[in-house]
Amino acid sequence: MKEKEALITGTTGITLSQQIIASSTGALLTSLFVTPLDVVKIRLQAQSKPFIKGKCFVYCNGLMDHLCVCVNGNSKAWYRAPGQFRGTADAFIQIIRNEGVRSLWSGLPPTLIMAVPATAFYFTFYDQLRDILIPRLRGNTETASLLAGATARLGSVTLISPLELIRTKMQSRPLSYRELCLCIQSSVVKDGWLSLWKGWGPTVLRDVPFSALYWFNYELGKKWLCQKYNSPEPTFSIYFLAGAVSGSIASIVTLPFDVVKTRRQIEVGELEVFSTSQKRSTSTWKVMNTILAENGFNGLFAGLIPRLIKVAPACAVMISTYEFGKTFFRKLNKEKQLKTP
């Protein structure tokens, strides 16, 4: 009994498995809420500039970005379904009317196989590390959150990058597991183990600062909102609002890295698809300089409004659901302790 109590007496007051359940539930709800926004965006892009065979595009389910490959330009894939949309609202209406509500979540299931475990790992790792850092930093919650957020995101990106590259290879052409293993082995022999982490750099430059800023501002915002509304404990609405605002701030600050990361991710994906030996784009900073030369300073902040529309609700839904889940399990654990003699 004492061993069981030791598992739930940490800062979060819940077990590791309960943290994973809470974060996984939040991840699923976030993807269900945000995916329709990205599906409509991709359909509008395909309408203005039809996808050709080998064309790569980024699909976001609210949890992470996935590279998708248009294998056959004449196929009836969901992103090539016919339709003439006059805007975002009209696209929503026409897709629901002509293709059914389920079409708003097209392409989602395969992406969840990686996104949900990666999100569960990230949030659980963050909470565990934050609980370790807080006493070491003499109760400085904000700094502990910043360091834990950056470290957890670094670990998550490093873990998932090779898997995302493998998924891209499998999309480009049908491969058996044996062929896939041989493909990976030849890549490692030719370019070394680091070849499995192509595109890791730009992703880290965007996601690690984003995560650090997000958690730092989230803790500050949560504390400020509790004081403003004289609430002894954060409520669901406080979690939701703090998540949305902190996500928006982090999104604006890291947008230039997001623009570069998207361009690099698509280039790397298309090089994998066409199996070309052509040298891929140079460093992140040179890509950034190219964007500045082509489009000026505004080019680094292209797509700000669409990104905010997607990131703010995703952060709000994810963190409020996760915190609600932790609160639920915390109360459940306390009730069990009280009932146990």
Side-chain angles (χ1 to χ4, degrees), residues 5-27 30 63 118-157 204 206-254 311-334 337:
E5 286 180 0
L7 288 172
I8 61 172
T9 53
T11 305
T12 59
I14 62 174
T15 65
L16 182 64
S17 60
Q18 289 171 337
Q19 281 182 289
I20 293 172
I21 292 170
S23 56
S24 298
T25 303
T30 301
L63 304 173
T119 304
F121 170 83
Y122 166 58
F123 274 82
T124 304
F125 184 19
Y126 163 79
D127 257 345
Q128 296 288 327
L129 185 57
R130 174 178 170 272
D131 291 347
I132 293 170
L133 290 173
I134 287 175
R136 293 174 183 268
L137 295 172
R138 299 179 181 179
N140 191 328
T141 306
E142 291 79 15
T143 303
S145 298
L146 185 148
L147 294 174
T151 306
R153 180 55 75 184
L154 179 63
S156 177
V157 170
V204 165
R206 183 197 67 173
D207 287 3
V208 171
F210 180 97
S211 186
L213 285 169
Y214 171 77
W215 289 110
F216 180 82
N217 287 307
Y218 172 70
E219 291 298 333
L220 281 178
K222 190 169 62 172
K223 187 183 292 183
W224 182 81
L225 288 168
C226 284
Q227 292 174 351
K228 180 177 175 61
Y229 295 104
N230 296 317
S231 177
E233 293 290 334
T235 61
F236 184 86
S237 57
I238 286 176
Y239 290 136
F240 191 93
L241 186 57
V245 173
S246 57
S248 298
I249 293 170
S251 181
I252 293 169
V253 173
T254 59
V311 171
C315 289
V317 173
M318 180 65 217
I319 195 62
S320 55
T321 307
Y322 179 55
E323 295 282 17
F324 179 82
K326 290 198 298 182
T327 302
F328 169 80
F329 284 121
R330 193 177 295 119
K331 289 180 179 178
L332 185 67
N333 292 335
K334 285 182 180 179
Q337 284 183 335

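Remark: Tyr239 engages no residue in a ring-ring contact (aromatic ring centres under 6.0 Å, His included) (not counting sequence neighbours). Considering only residues two or more places apart in sequence or on other chains, Ser24 meets the side-chain contact (heavy atoms from CB on, under 4.5 Å) condition with Ile20, Val116, Ala120. For Thr143, the side-chain contact (heavy atoms from CB on, under 4.5 Å) partners are Leu137, Asn140, Leu147, not counting sequence neighbours. With sequence neighbours excluded, the residues satisfying side-chain contact (heavy atoms from CB on, under 4.5 Å) with Leu154 are Thr158, Trp200, Val204, Val208. The ring-ring contact (aromatic ring centres under 6.0 Å, His included) test applied to Phe121 returns Phe125, not counting sequence neighbours. Under the rule for a side-chain contact (heavy atoms from CB on, under 4.5 Å), the partners of Ala244 that lie at least two apart in sequence or sit in another chain are Ala316. For Tyr322, the ring-ring contact (aromatic ring centres under 6.0 Å, His included) test picks out Phe123, with sequence neighbours left out. Listed by chain and number, the residues in a salt bridge (Lys or Arg N to Asp or Glu O under 4.0 Å) with Arg153 amount to none (sequence neighbours excluded). Contacts of Ser145 classified as side chain to side chain donor-acceptor pair (under 3.5 Å), with partners at least two apart in sequence or in another chain: Tyr126, Arg130. A search for side chain to side chain donor-acceptor pair (under 3.5 Å) contacts involving Thr25 returns nothing, not counting sequence neighbours.
In this structure, Cys315 and Gly243 approach most closely via the heavy-atom pair CB-O, 3.4 Å. Pairing each heavy atom of Phe210 with each of Gly247, the nearest pair is CE1-O, 3.8 Å. The minimum heavy-atom distance linking Ser23 with Thr124 is given by the pair OG-OG1, 3.9 Å. Closest approach of Tyr214 to Ile319, counting heavy atoms only: OH-CB, 3.3 Å.
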Thr327 and Phe324: CA distance, side-chain angles, deciding distance, side-chain contact (heavy atoms from CB on, under 4.5 Å) verdict: CA-CA 5 Å; Thr327 302; Phe324 179 82; 5.6 Å; no

side-chain contact (heavy atoms from CB on, under 4.5 Å) between Leu63 and Thr30, intermediate numbers included: CA-CA 7 Å; Leu63 304 173; Thr30 301; 4.0 Å; yes

For residues 218-234, run the donor-acceptor check on the side chains, cut-off 3.5 Å, and write out each pair with its distance to 0.1 Å, sequence neighbours left out.
residue: Tyr218; atom: OH; partner: Glu323; partner atom: OE2; Å: 2.9
residue: Lys223; atom: NZ; partner: Glu142; partner atom: OE2; Å: 2.7
residue: Ser231; atom: OG; partner: Glu233; partner atom: O; Å: 2.4

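The CG atom of Asn333 lies 9.0 Å from the CZ atom of Arg330; values are rounded to the nearest 0.5 Å. A distance of 12.0 Å separates CG in Leu241 from CZ in Phe236, rounded to the nearest 0.5 Å. Residue Thr151 holds its OG1 atom at 5.5 Å from CG of Leu129, rounded to the nearest 0.5 Å. Residue Leu213 holds its CG atom at 8.5 Å from CD1 of Ile249, rounded to the nearest 0.5 Å. Distance check, rounded to the nearest 0.5 Å: CG of Asp127 to CD1 of Ile132 gives 11.0 Å. A distance of 7.0 Å separates CH2 in Trp215 from OG in Ser211, rounded to the nearest 0.5 Å.
Counting only distance, with no hydrogens or angles, the side chain of Thr321 and the backbone of Met318 share no donor-acceptor pair below 3.5 Å.
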